[in-house]
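Worksheet: the structure to be examined is printed underneath.
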Amino acid sequence: MDTPDIFIILRRKYIEEYERNENLPSIERIAKMAKAFGVTVDFLIGAGEHASYDKETVDRINDIQKMDVATENVLFNVIDTYIQNFKTKQAFAK
C-alpha cells in the first residue's frame, strides 16, 4: 500500500469519527477544512449569522458587489422588485 493510500484511509477514518460524533477535529483542522471548501469556519460548523445561507447565492451577491455602482444598482433593483412581488403574493395568499 502506498503512503498516499494510507493517508486516504486515515482521513476517511477521521471523517467517519466526526460524522458519528466519536471525535472532534481541532480548530486548526476546522480552519483548514473551511479554507479547502471555500467557506468560513462559522459556515462550516453551522453557526453564525450567515451559516444557513446558500454558498452559491452568497458568491453571486459578492460578485454583484464587485461590479460598477450603476450595474450593481440595476441588478439589486431587479432583485428587489422580485422580492417585493413575492412578498405581496404571500400577503394576499393568506
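Smallest separation of non-hydrogen atoms from Ala31 and Val41: CA-CG2, 4.0 Å.
Considering only residues two or more places apart in sequence or on other chains, Glu28 meets the side-chain contact (heavy atoms from CB on, under 4.5 Å) condition with Ser26. Residues passing the side chain to side chain donor-acceptor pair (under 3.5 Å) test with Thr88: none are found, sequence neighbours excluded. With sequence neighbours excluded, the residues that form a side-chain contact (heavy atoms from CB on, under 4.5 Å) with Gln90 are Phe86. For Arg29, there are no salt bridge (Lys or Arg N to Asp or Glu O under 4.0 Å) partners, not counting sequence neighbours. The salt bridge (Lys or Arg N to Asp or Glu O under 4.0 Å) test applied to Lys66 returns Asp63, not counting sequence neighbours. Residues passing the side chain to side chain donor-acceptor pair (under 3.5 Å) test with Glu56 are Arg60, sequence neighbours excluded.
Here Ile83 sits in one hydrophobic cluster together with Ile61, Ile64, Met67, Leu75, Phe76, Ile79; the rule is ILVMFWY side chains under 4.5 Å apart, joined directly or through other members.
For the side-chain hydrogen bond (donor to acceptor under 3.5 Å, both in side chains) condition, the pairs that include at least one residue of residues 69-83, sequence neighbours left out, are Asp68-Thr71.
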